[in-house]
Amino acid sequence: MIRFEKRPQPSRALSLATPLLAVLATMIFGGLLFMALGKDPVTSIVTIFWEPLFGEFAFYYRPQLLIKGAPLVLIAIGLSLGFKAGIWNIGAEGQYIIGAIFGAGAGLAFYPAEGWFIFPLMILAGAFGGWIWAMIPGFLKVRFGTNEILVSLMLVYVAEQFLASMSLGLLKNPEGFGFPGSRNLQQYEPAHNAELLAGSGMHWGVVAALIAVIFAYVLLTKHRLGFAIRVTGEAPRAARFSGVSPARLILFCMGLSGLLAGLAGMFEVSGPAGQITIDFNVGYGFTAIIVAFLGRLHPIGILLAGGLMALTYIGGDIAQSNLGLPAAAIQVFQGMLLFFLLAFDILTNYRLRRQHTAETA
Amino acid sequence: MDLSAINPLLFVAGFLVAATPLIFAAIGELVAEKSGVLNLGVEGMMITGAICGFATAVETGSPLLGFAAAAAGGAALSLLFAFLTQVTLANQVASGLALTLFGLGLSALLGQGYVGVKPPRLGDIDFGPLADIPVIGPILFTHDIILYLGIALVAGVWVLLRFTRAGLILRAVGESHNAAHALGYKVRRIRTLAIVFGGACAGLGGAYISLIRVPQWTEGMTAGVGWIALALVVFASWKPWRLLLGAYLFGGITQLQLNLQGAGVAIPVEYLAMSPYLITILVLVILSADKSAAPASLGRNFHASG
């Protein structure tokens, strides 16, 4: 009989090793899944993880890595701060949508005017949109003790309906021949989040994601607030005794994660996506939850995890067109990763011990 | 706008149907939460049940076999959650989310060949002359067996929790796992059973959507019903009959907004479609002041040390 014995201190080495173990296990079981779907497992895994980086068309896929990775990292950084403190913002998808609507709305309000100030204003609007959407569950939690998980999630569905209403109504392109969807911001120069270096995939969202990583790292290691977040997560009572205000922490974590999700939405709509459409959101807000855990809620870890997750998106697209692997299989693959990650996590906090016959203690 | 287009009898009969998926999912989650487990994977288990039930019903031609498969599918997925939280002691919130993300992907994968297919119909029970009673007949006696099973399940859970030894043990585990463990109860085994029961119920609820309420298969068709079920358990303060009442309230709102969409009210469709979610938030706010009814060990993992 094997039993688990709690470690006095979580193992540092295993804490770094378990994400890699989880990725490995996901590759094996994912391969089995692809085999069950009638695809060659090795080819599928190679297509997903190798093709985008070193394959024949890598020059095209590598920039995509930045484009897909930036929103994931940006959102996951915000979520990780809350998760660390036991504050569960699950509605990043909704905040992402509202950020995009606010950002695009601010830009389109000036159409067709010219001006350097339009893009910065859109950034502010997008951040504000995400922030205010996340402050709803934050405020309700602080004021009434309402469960933030359920409220933030309900607001995703509300945001999706709002998105549909906007792309069919207020933001609809007046010259769009009646098709749903806004004007394309890529064709409106002052509002376009263009690549900073043509063909590199580097746009302002990528810059923002990198700044967020550095900001979160400094906050967590050097700042008092980061200390408050860490203590609250590990020992809420101790945190209160040390003078941390739970209400302020909740508002800060919810607000910041919403703000970053809103920014991600705004950079997406003004750049890679180009316009507000009914199906503008593709689930980055939910995948970012996996990214946050895969990165062990650590800024550098999240940066790497975001890259890996972006890789599975791009590799999944390639596998879809080359091998006919269904898109849903990639979704299962990503979900599997989170499972293995959570399951292997026990190794960092507990030690495996073989149980001997009743010992006297 | 033409409100007279809404037939009150059909409306009431309709909201009984709309409430049934919620009843199944919520009563299962109630039992799991009573044992001290917070499973946020309801949405994932529902959608998995929806496709398992749909596919089985289409392949075998038997809706009842479909429902059995849905319960099995939901239970199988919940076993993953049980493994994560009871064996590897993973965080329950994260594990529940993982279950939902995984379930949404898995159901989309399983359901690829079933888009646009029509499932076999499950007929209504023949109550004979009862169905001819004016007003009451068409409302109460024109439904399929699963709808009545849902109500029976609520009654069963009420009896279980209130009058039986098994129910007492379940509650003890949920209130204080350490005390229950000290008394010699197998905390993790009891919790696993409660989780699996919750999974089977969520699966049935999902299949009720795909086989009866809609009835067809589309990706992500549960559209947050699993999350509303979680809110409903809070709304009911973990009491079965209040849960039934709440489910009818939500079913009524859903049905009303659908009817209003059909009647061409001046409010845009999107804003009507938001209403169930907004009302859920409102209800949560009103009821969140009182947390005393929640099982004391809810969401906390048990590890027998020493």
Side-chain angles (χ1 to χ4, degrees), chain A residues 3-6 33 37 83 86 88 90 136-137 140-141 143-147 149-151 153-166 168-169 283 286-287 289-290 292-293 326-347 349-350 361, chain B residues 38 40 43-44 80-81 83-85 87-91 93-112 219 223-224 226-228 230-231 234 268-281 283-291 303-306:
Chain A
R3 65 187 295 269
F4 294 110
E5 187 182 276
K6 197 161 173 89
L33 170 79
L37 292 168
F83 289 178
W88 301 93
I90 306 302
I136 300 171
L140 293 179
K141 168 125 183 143
R143 181 73 181 73
F144 301 104
T146 314
N147 182 317
I149 300 176
L150 293 172
V151 175
L153 216 120
M154 289 291 131
L155 287 174
V156 174
Y157 294 98
V158 175
E160 279 176 351
Q161 295 296 334
F162 189 62
L163 175 70
S165 146
M166 283 296 126
L168 294 169
F286 291 116
T287 312
I289 297 172
I290 306 181
F293 281 112
I330 295 302
Q331 223 181 323
V332 174
F333 192 76
Q334 293 175 343
M336 227 184 242
L337 183 57
L338 185 51
F339 271 132
F340 282 116
L341 202 64
L342 292 168
F344 282 130
D345 217 20
I346 190 170
L347 298 176
N349 293 315
Y350 292 82
Chain B
L38 178 69
L40 293 182
E43 180 83 5
L80 274 175
F81 178 82
F83 177 79
L84 283 177
T85 57
V87 179
T88 70
L89 304 174
N91 177 303
V93 173
S95 306
L97 286 172
L99 204 65
T100 290
L101 293 174
F102 182 74
L104 286 171
L106 184 69
S107 62
L109 188 62
L110 291 173
Q112 282 187 334
E219 260 181 48
W227 294 104
I228 295 183
L230 277 159
V234 181
V269 174
E270 293 84 18
Y271 293 92
L272 283 172
M274 279 178 198
S275 57
Y277 308 111
L278 290 175
I279 288 166
T280 306
I281 294 176
V283 167
L284 279 173
V285 168
I286 295 168
L287 289 164
S288 47
D290 177 30
K291 285 231 166 40
H303 179 246
S305 45

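Letters A, B, ... mirror the listed sequences (proteins, then strands); counts begin at 1. Because the structure is predicted, anything quoted here is derived from the model rather than measured. All values below come from the heavy atoms of this structure, side chains included, with hydrogens, waters and symmetry mates left out.
Interatomic distance, A/Glu160 CD to B/Met274 CE, rounded to the nearest 0.5 Å: 10.5 Å. The line from CD1 of B/Ile279 to CE of A/Met154 is 12.0 Å long, rounded to the nearest 0.5 Å. Expressed to the nearest 0.5 Å, how far CG of A/Leu153 lies from CG of B/Leu97 amounts to 8.0 Å. Atom-to-atom distance recorded for B/Leu38:CG and A/Asn147:CG is 8.0 Å, nearest 0.5 angstrom. The OG1 atom of B/Thr88 sits 8.5 Å away from atom CG of A/Asp345, with the distance rounded to the nearest 0.5 Å. One distance of note links CG of B/Leu272 with CD of A/Gln161; it measures 10.0 Å at 0.5 Å rounding.
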Take B/Leu230 and A/Ile149 through the test side-chain contact (heavy atoms from CB on, under 4.5 Å) and record every step on the way to the result. CA-CA 10 Å; B/Leu230 277 159; A/Ile149 300 176; over 6 Å; no
Pair B/Glu270-A/Leu163, side-chain contact (heavy atoms from CB on, under 4.5 Å): steps then yes or no: CA-CA 9 Å; B/Glu270 293 84 18; A/Leu163 175 70; over 6 Å; no
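Of the listed residues (B/Leu84, B/Leu104, B/Val93), the greatest number of heavy-atom pairs within a distance under 4.5 Å of chain A belongs to B/Val93. Ranking B/Ala98, B/Ala90, B/Gly44 against chain A, the residue ahead of the rest is B/Ala98, based on heavy-atom pairs under 4.5 Å.
There is no contact between A/Leu341 and chain B, counting heavy-atom distances below 4.5 Å. At a 4.5 Å heavy-atom cutoff, the contact between A/Ile290 and chain B is made by side-chain atoms alone. Residue contact with chain B, scored on non-hydrogen atoms closer than 4.5 Å, involves the side chain of A/Leu33 exclusively. Both the backbone and the side chain of A/Leu342 come within less than 4.5 Å of a heavy atom in chain B. Interface residue A/Ile90: only side-chain heavy atoms are found under 4.5 Å from chain B. Looking at A/Phe83, there are no atoms closer than 4.5 Å to chain B (heavy atoms on both sides), in backbone or side chain. Residue B/Thr280 touches chain A through its side chain alone, counting heavy-atom pairs closer than 4.5 Å.
In this pair, A/Tyr157 and B/Tyr277 present their aromatic rings parallel. The plane angle is below 30°, not in the 30 to 60° band.
Between A/Leu150 and B/Leu284 the shortest side-chain heavy-atom distance falls below 4.5 Å. Using a 4.5 Å heavy-atom threshold, the side chains of B/Leu109 and A/Leu37 count as touching. By the 4.5 Å heavy-atom criterion applied to side chains, B/Ile281 and A/Leu140 are counted as neighbours.
Test B/Phe81, B/Phe83, B/Phe102 against A/Phe339 for ring-ring contact (aromatic ring centres under 6.0 Å, His included) and you get one pass: B/Phe102.
A/Ala328 approaches B/Gly105 most closely through the heavy-atom pair CB-O, 3.8 Å.
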